[in-house]
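In what follows, chains are A, B, ... by sequence order, proteins preceding strands, each numbered from 1. Keep in mind it's a predicted model, so treat the numbers as computed, not measured.
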Number of protein chains: 2
Amino acid sequence: MSWSTAQVARMAKVTSRTLRHYDRIGLLVPAWTGNNGYRYYEQEQLLRLQRILLLRELGLGLNQVAEIVDARHDQVAALRQHHKWLLREQERYARLAATVSETISQLEGGNEMAADRLFEGFDVDSERQKEYEAYLRARFGEGVQEHLDESKGRMRDWSDQQKSEFLAEWPAILRRVAELAEAGVAVTEERALDVLAGHYAFVCKAWTPNKHSYRGLGEMYADTEEFRSQIEAVRPGLAEYLRDAMAAYAEARLS
Amino acid sequence: MSWSTAQVARMAKVTSRTLRHYDRIGLLVPAWTGNNGYRYYEQEQLLRLQRILLLRELGLGLNQVAEIVDARHDQVAALRQHHKWLLREQERYARLAATVSETISQLEGGNEMAADRLFEGFDVDSERQKEYEAYLRARFGEGVQEHLDESKGRMRDWSDQQKSEFLAEWPAILRRVAELAEAGVAVTEERALDVLAGHYAFVCKAWTPNKHSYRGLGEMYADTEEFRSQIEAVRPGLAEYLRDAMAAYAEARLS
DNA sequence: GGTTGACTTTGACGTTACGTCAACTTCTAA
DNA sequence: TTAGAAGTTGACGTAACGTCAAAGTCAACC
């Protein structure tokens, strides 16, 4: 069954403008578009929209929302995690209400409330950002998010030489890993681990992952569309192979 | 005791940019500004900031926040009402969490959730707007907010003739009421009620208030800075006189 | 007194996530 | 066929700051 833009907008209590915006930025692409240009959405898109609105409600920017809903991840497990997030947000409102109650009591008693107590529970944005970061840390490991940020953001500050080095090295590594996959080399073989040492050294230019983080990075590569599509473009199935090779490397050579 | 911009920003977990912005728009004016141009805030401003941040957190636009915090109203009563608002927002998160739980159950059971059930609890903005409107209705009565909106918004669509009629009539009414006050006429006297009939007729051009609403409108005139300053400019103390006269008129001649 | 770094200001452009509107096409019911 | 509802694209506008530059002020230290 499919629904038009207005039908979805009505059900989800958003505007059709919002849905068009989300299509435009690739956040929620309709199931199909008719010859007339009309957008039609199906159950899968509705479920995705629910997650989008939820994460938006939890204060994430749309870029961050995209990161999360795009990640390959068991949908039910993701929803469970969002549910926990909601409960924590609920607790925050309880804290706000407690602060207001305290202010009322103090005013009624003719007292002055301690200035810094007035704003207990109000650090909304930083707390929400912490939740987001905690989510990523739990999902991928320590430092992986920073690595992602750097790969996206810091390149802006790089010199042209740094950029071209990066742009040369990353694909070269992918190609070496692809050759392993092509040759049917098991990820635990010494030969594979040596190639992965090259990747590890490449990553260590920005940050030194531990065992857990390096494995997490491999999962991020496989699970987030941004990296995955790059890797899969080199060779189908490479994302999984790289992920497994990184896990094997972490196991064998990191602590 | 006073605090600098950065001190307040730190305590309230906002940026100094936000505080400057609020000063700029008149929402939170510092207690005093030094010869060097530096802003200093005192306890009164901190309490006001708490309310501002609270209402912002509840989803109001800054214009709406200003309306509420500017209204002359017992501070403790206002905080009590905000507290209730917070608890209702907490409930909304509980509803969101319940919707997510339901989605999880359905997905685990291999079912499809009814499309419109997917977004139960998600109508965030309209619910928040309803809370705001309910607040104003409880405070001033039915229709008073619409009147306020009209006096602010609809004038945009008026012809120049309509505007000048309004701009002539409203001050003329204020002057007539001021003469009553000057002459020491009790608001319950026939003479006063007759003048107020003129104001009532003026209001009825837009909307017909009942007894409660008309009294509420008088309270809005006295309690919201926007109207109050206009009225007090005609004659100090006129806002209270007009409020009392409107209450008397409502009592005597409306149902 | 001079220096330095932290703090503060004003001014102004930029950002995010749409809101609003215009112009046009498509659909559907009467 | 017609009219009104529904849909599209394109594009400017908005709210609430974020960011940055330029310049002034303050306070501690030498």
For the pair made of [atom1] in [X] and [atom2] in [N], what is the distance, rounded to whole Å?
X: Ile52(A); N: dC18(C); atom1: CD1; atom2: P; answer: 10 Å
X: Trp3(A); N: dG7(D); atom1: CH2; atom2: P; answer: 15 Å
X: Gln7(A); N: dC27(C); atom1: CD; atom2: P; answer: 15 Å
X: Leu19(A); N: dT9(D); atom1: CG; atom2: C1'; answer: 16 Å
X: Tyr40(B); N: dT8(C); atom1: OH; atom2: P; answer: 8 Å
X: Tyr41(B); N: dT9(C); atom1: OH; atom2: P; answer: 7 Å
X: Arg39(B); N: dT9(C); atom1: CZ; atom2: C1'; answer: 7 Å
X: Arg24(A); N: dT16(C); atom1: CZ; atom2: P; answer: 14 Å

Would you call the rings of [X] and [Y] parallel, tilted or perpendicular if under 30° counts as parallel and over 60° as perpendicular?
X: Trp32(A); Y: Tyr40(A); value: parallel
X: Tyr221(A); Y: Trp170(A); value: tilted
X: His82(A); Y: Trp85(A); value: tilted

Inset, instruction - State plainly whether the residues Glu91(A) and Arg88(A) are in salt-bridge range, i.e. N to O under 4.0 Å. - result: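 Looking at Glu91(A) and Arg88(A), the cut-off is not met.
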
Legend entry - Ionic contact status for Glu131(B) with Arg92(B), cut-off 4.0 Å: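 Not counted as a salt bridge, because no side-chain N and carboxylate O are separated by less than 4.0 Å.
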
Legend entry - Side chain to side chain, Met11(A) and Leu118(B), heavy atoms closer than 4.5 Å: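 No, side chains not in contact.
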
When you compare the protein's N or O atoms with those of nucleotides 1-3 of chain D, which come within less than 3.5 Å of each other, and at what distance?
none

Legend entry - Contact pattern, 5' to 3', of nucleotides 16-24 of chain D - B, S or - by protein heavy atom under 4.0 Å: SSBB----B

Inset, instruction - May I ask you to check whether Tyr41(A) and Trp3(A) place their ring centres under 6.0 Å from each other? - result: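 Judged by ring-centre distance (under 6.0 Å), Trp3(A) and Tyr41(A) do not meet the cut-off.
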
Inset, instruction - Examine dT25(C): is either OP1 or OP2 under 4.0 Å from a nitrogen or oxygen in the side chain of Asn36(A)? Give yes or no. - result: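 False: Asn36(A) side-chain N/O out of range (4.0 Å or more) of dT25(C) OP1/OP2.
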
Inset, instruction - Look at the side-chain N and O atoms of Ser4(B) and state whether any lies under 4.0 Å from the OP1 or OP2 oxygen of dC7(C). - result: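 Answer no for this pair, as no side-chain N or O of Ser4(B) is under 4.0 Å from OP1 or OP2.
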
Legend entry - Heavy-atom donor-acceptor pair, Glu232(A) side chain to Ala239(A) backbone, under 3.5 Å: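 A pair under 3.5 Å: yes.
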
Inset, instruction - Go through the structure and list residues passing side-chain hydrogen bond (donor to acceptor under 3.5 Å, both in side chains) with Gln50(A), not counting sequence neighbours. - result: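 Residues passing side-chain hydrogen bond (donor to acceptor under 3.5 Å, both in side chains) with Gln50(A): Thr103(B).
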
